[in-house]
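Reading through the structure tokens given below for one structure.
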Amino acid sequence: MPDRLWTVKEYPFHPEKLRYYETIFTIGNGYLGTRGSLEERYDGDSPATMIHGVFDHAPEMSVPELVNAPDWTDIRLTVDGTPFQMVTKSSSTLKPPQGLILGYERKLHMDTGLLRRVVLFRAATGATVRVTFERFASLDDQHVMAQRVLITAIDGAPVIELEAALNGDVSNNGVRHWHKLATSATTEQIALSAVTGQSGYAVGMAAVVNAPQPVTPHADPVRPAARLRVALAKDGSFTCDKITAIYTSRDTADAPSAAATKASAAAALGYDALYAAHVAAWRHTWDALDIEIEGDEAAQHGVRFTTYHVVIAAPRHDDDVSIGAKTLSGVGYKGHVFWDTELFMLPPFTLTMPPIARNMLMYRYKRLPGARQKARDNGYEGAMFPWESTDTGLETTPQWSDPLPPDNQRIRIWTGDNEQHISTDIAYAVLQYWRWTGDDAFLLNYGAEIVLDTAVFWGSRVEERHGRYELHNQIGPDEYHENISNSVFVNRMVVWHLEQALHLLDWLQQHAPHTAQRLHESLGLTPARLARWQDIIARMYLPFDDTRQIHVQFDGFFDLEYIPVRHYEPRVGGIWGFLGHERALQSQVIKQADVVMLMALLGEAVGPRQVLLNNWDTYYPRCDHGSSLSPAMHTWVAARLGLDDEAYYLFTHAAAIDLEDNKGNVVDGIHGAASGGLWQAVVFGFCGLHLTEAGPALAPRLPAHWRSVSFNVVYRGETRRFTARH
Ligand code: BGC
């Protein structure tokens, strides 16, 4: 495959896009993610390493957040005394003695999870060197991070000074979470440990520098370093490797010792051996997950890029963590886990690397106590999952926004109270996992309990009014409309959920009566309760306009102000931003796929094809895709409805969300749901992959210029390769 389909490149250097590239060039291994910040640091950059599961609630914050870990990538250089800095002729903010960048290229190698930067640098003395920086987070051993610096004299014979450090001077946008910082530096290792203030998680980091000559340790209370001074011969070169190991108290009782031992062992193996094992793990991963698209290089590249980013965030060896909305690539959404995981990021793993999907479902299983507490606190039964979830499993959605321009007003955030469909989204993911994998053990021991206890919640949540069942004070996927009545998405998904719960009970009764018995008893699945579920299924109100033959998004939707969304093109971001919160709430502008999302999830079960088309014609023009979750779901549905032009247009939009920063906020992190959604748009949308009695099958509806799409899925333990053609 040509290199350009497996790489993302920055060339030339764009100092004004520092933070964009930091996000785009994030590397990771499912244990941590590290933004692509330049080793030597700049004003305005935002380096971050996010380790799964390490949350902390700082006193000045309203909610806990995933903590930015100490920085393992820090390396500084001087060439003949000139600090190595990315000074181009147009960006001379530095004081003399200055160097100059003569050449530059940075590439993320998605096939191997390697970030490489090559710089031609001329020192103030005129000596010129080529400096190559490489880094990877080992996919083979998740505690090992490796960096290599290769310096070659191009002109002259300069003296190089190199300082490789671990840097404890980090924060989440100014909020400091690390306390009890301890550091050490010897000729063998530098090390750093710290503990989060409220949650008490410890991190231990240790790094060994392998270089042609011994290093000089530099003790520092915050930034221990190893230093090196090399006089390069003319045309000479040298290589320096920094191997860092990282553990937290989530992994082991003594994280600093584990890091010290691992760093020594990994450094003894050496960079090349570590890299070889890492590449082998990546090859295995791409064999499982890659989608090959023939006939459209941009599409191929876009899908690989988004797949890469969900892969590097997906927990491989930990079933107590899950992926936050911005993956591990930034501090956006505070690392919190939303429905983005179950309905957007998880399905690619369910279908290709089920053990990873299982880890993330176990994360939810282990948080059933928190979900039960939320239900109780709100006066309901069963399990009510939080809209935003962290390590505790308790609701962690902030109640108020950060101050918003222009007048620094905070607005009340209702999603934590009323965006309740999350419980059904999780049940959907559990059942999808079970159907594809046939993992009965998971279902019997964990999954069924999730599906059934969330069904118990809905049984207690619905309201009997007007001789039918209704749901008030809800928020559907379209978050521009808060605290609404009878969201068709929510009501229909609840019906689906209860139907599935009853089927599941029948299945358990037949195939695992002991489990059925246990769950009947522990969850209180009395005949009266099951009869009520039946009744809800029969009498749930699903808003429908008989005249127009469409589903009505919620009660009163069409009484709101109609705003022609298309007139507001071209624009960056949602219409909400310029309409203002209040007016958006009172308008028919939709933030994201809502009725359309329902059609993606339930397909033709939602209604006859003509109704689905009517729904599309009604809601698509009203949607401003203010959420990045939207275009991929629209692609999926448009492809299924045979709306080829719309499907392809929306696909290109979805594929560009991060690469072209078309939401304008990539600096906060990768849009994980959009990324996982894109994989699904291709597989479920264009290729029409679906399950039949006989197993998986395709119903392709490819864009006209695509020749084929090939991918693997694992169905009940067996890998099957599919190729979709016209
Ligand atoms: C979207 C939600 C999503 C959240 C996190 C919001 O803007 O409307 O659907 O869960 O972002 O990505």
For Trp72 and Thr34, which I'm curious about, is there any donor-acceptor pair between the side chains at under 3.5 Å? yes
Test: salt bridge (charged side-chain N to carboxylate O under 4.0 Å, His left out). Region: residues 565-580. Which pairs qualify, not counting sequence neighbours? Glu569-Arg571
Take atom CG in Asn173; do more than 12 heavy atoms of anything else shown fall under 6.0 Å from it? no
Show your reasoning for whether side chain to side chain donor-acceptor pair (under 3.5 Å) applies to Thr285 and Arg316. CA-CA 11 Å; Thr285 300; Arg316 292 176 172 239; 3.1 Å; yes
So, Thr23 side chain and Val666 main chain: donor-acceptor pair closer than 3.5 Å or not? yes
Just by distance, no angles: are the side chains of Gln409 and His581 close enough, under 3.5 Å, to form a donor-acceptor pair? no
Under 3.5 Å: donor-acceptor pair, side chain of Ser630, backbone of Ala593: yes
So, for His109 and Trp6, is the gap between ring centers shorter than 6.0 Å? no
Is the charged tip of Arg412 near the ring of Trp414: under 6.0 Å from the six-membered ring centre and within 45° of its axis? yes
Salt-bridge present (Glu479, Lys591; N to O < 4.0 Å): yes
Verify the ring-centre separation between Tyr31 and His143: is it less than 6.0 angstrom? yes
Please determine whether a side-chain nitrogen of the Lys or Arg among Glu163 and Arg41 lies less than 4.0 Å from a carboxylate oxygen of the Asp or Glu. no
Residues Glu40, Arg76; criterion salt bridge (charged side-chain N to carboxylate O under 4.0 Å, His left out); working and verdict: CA-CA 5 Å; Glu40 63 278 5; Arg76 321 274 165 129; over 6 Å; no
Is the shortest heavy-atom distance from the side chain of Tyr620 to the side chain of His625 under 4.5 Å? yes
Can you tell me if Arg106 uses its side chain to pair, donor with acceptor, with the backbone of Gly36 under 3.5 Å? yes
Ignoring hydrogens and geometry, is there a side-chain-to-backbone donor-acceptor pair from Thr183 to Arg223 under 3.5 Å? no
Could you walk me through whether Tyr363 and Asp318 pass side chain to side chain donor-acceptor pair (under 3.5 Å), step by step? CA-CA 9 Å; Tyr363 161 83; Asp318 190 343; over 6 Å; no
Can we say Asp45 and Arg19 salt-bridge, meaning some charged N sits less than 4.0 Å from an Asp/Glu carboxylate O? no
Strictly distance-based, threshold 3.5 Å: is any side-chain N or O of Thr248 a donor or acceptor partner for the main-chain N or O of Arg250? yes
Under 4.0 Å between a Lys/Arg side-chain N and an Asp/Glu carboxylate O for Lys9 and Glu105? yes
Residue pair Ile51 / Tyr201, side-chain heavy-atom distance below 4.5 Å: no
Going by the angle between their ring planes, with limits at 30° and 60°, are Phe651 and Tyr648 parallel, tilted or perpendicular? parallel
Would you check if Thr112 and Tyr275 make a side-chain contact, meaning some heavy-atom pair closer than 4.5 Å? yes
OH of Tyr649: more than 12 outside heavy atoms within 6.0 angstrom? no
Between Phe121 and Gln85, is any pair of side-chain heavy atoms under 4.5 Å apart? no
Both conditions, 6.0 Å and 45 degrees, for the charged tip of Arg364 above the ring of Phe385: are they met here? yes
Which of these passes side chain to side chain contact (heavy atoms under 4.5 Å, CB included) with Leu328: Ile312, Leu66, Ile27? Leu66
Start with the C-alpha distance between Asn167 and Asp74, add both sets of side-chain angles, then the distance that settles side chain to side chain donor-acceptor pair (under 3.5 Å), and finish with yes or no. CA-CA 7 Å; Asn167 196 342; Asp74 186 332; 3.0 Å; yes
If we only count heavy atoms from C-beta on, is the Ile75 to Gln147 side-chain gap below 4.5 Å? yes
Pair Arg117, Glu39 - check salt bridge (charged side-chain N to carboxylate O under 4.0 Å, His left out), show working. CA-CA 10 Å; Arg117 168 169 60 136; Glu39 282 74 2; 2.8 Å; yes
Nearest 0.5 angstrom please: Tyr21 OH to His14 NE2, how far? 4.5 Å
Minimal non-hydrogen separation, Gly672 against Val310, with atom names: O-CG1, 3.8 Å
Are Leu32 and Met50 close enough, and set up right, to give a side-chain contact (heavy atoms from CB on, under 4.5 Å), and what steps lead you there? CA-CA 5 Å; Leu32 58 66; Met50 316 301 286; over 6 Å; no
Ring centroids only, cut at 6.0 angstrom: are Tyr568 and Phe578 within range, meaning strictly under it? yes
Pair His671 + His309: ring centers closer than 6.0 Å: no
Strictly below 4.0 Å, N to O, side chains only: are Lys326 and Asp658 in salt-bridge contact? no
Does Glu10 form a salt bridge (charged side-chain N to carboxylate O under 4.0 Å, His left out) with Lys107? I'd like the steps, not just the answer. CA-CA 6 Å; Glu10 181 189 22; Lys107 270 188 188 173; over 6 Å; no
Parallel, tilted or perpendicular: which fits the ring planes of Tyr42 and Phe13, with parallel below 30° and perpendicular above 60°? tilted
Please determine whether side-chain contact (heavy atoms from CB on, under 4.5 Å) holds for the pair Val170 and Arg176, giving the CA-CA distance in whole Å, both sets of side-chain angles, and the decisive distance to 0.1 Å. CA-CA 7 Å; Val170 294; Arg176 302 243 168 210; 5.8 Å; no
Verify the distance criterion only: is there a donor paired with an acceptor across the side chains of Tyr333 and Asp340 at less than 3.5 Å? no
Scan side-chain atoms only and decide if Tyr308 and Asp290 contain a donor-acceptor pair under the 3.5 Å cut-off. no
Quick check, are the ring centers of Tyr104 and Tyr11 under 6.0 angstrom apart? no
With distance as the sole test, does Thr635 use its side chain to make a donor-acceptor pair with the main-chain N or O of Pro631 at under 3.5 Å? yes
For Thr196 versus His179, what's the shortest heavy-atom pair and its separation? C-CD2, 4.3 Å
Can any side-chain N or O of Asn665 pair as donor or acceptor with the backbone N or O of Asp668 at less than 3.5 Å? no
Flag side-chain contact, heavy atom, 4.5 Å: Asn172 against Lys334: no
Would Asp594 and Arg622 count as a salt bridge (charged side-chain N to carboxylate O under 4.0 Å, His left out) if you check the C-alpha gap in whole Å, the side-chain angles of each, and the deciding distance to 0.1 Å? CA-CA 11 Å; Asp594 186 293; Arg622 287 173 165 79; over 6 Å; no
May I ask you to decide if Asp425's main-chain N or O and Glu342's side chain share a donor-acceptor pair within less than 3.5 Å? no
For the backbone of Val321 and the side chain of His52, can you confirm whether one donor and one acceptor N or O come within less than 3.5 Å of each other? no
Could you tell me whether the side chain of Val311 reaches within less than 4.5 Å of the side chain of Trp282, counting heavy atoms only? yes
Minimum heavy-atom separation for Ile670 and Phe305, please, with both atom names. CD1-CZ, 4.1 Å
Looking at Glu388, is its backbone amide N or carbonyl O close enough to the side chain of Thr396 to form a donor-acceptor pair, meaning the two atoms are under 3.5 Å apart? yes
Step by step, work out the side-chain contact (heavy atoms from CB on, under 4.5 Å) result for Ile101 and Leu120. CA-CA 6 Å; Ile101 299 302; Leu120 283 180; over 6 Å; no
SB check Glu22 Arg35 (cutoff 4.0 Å): yes
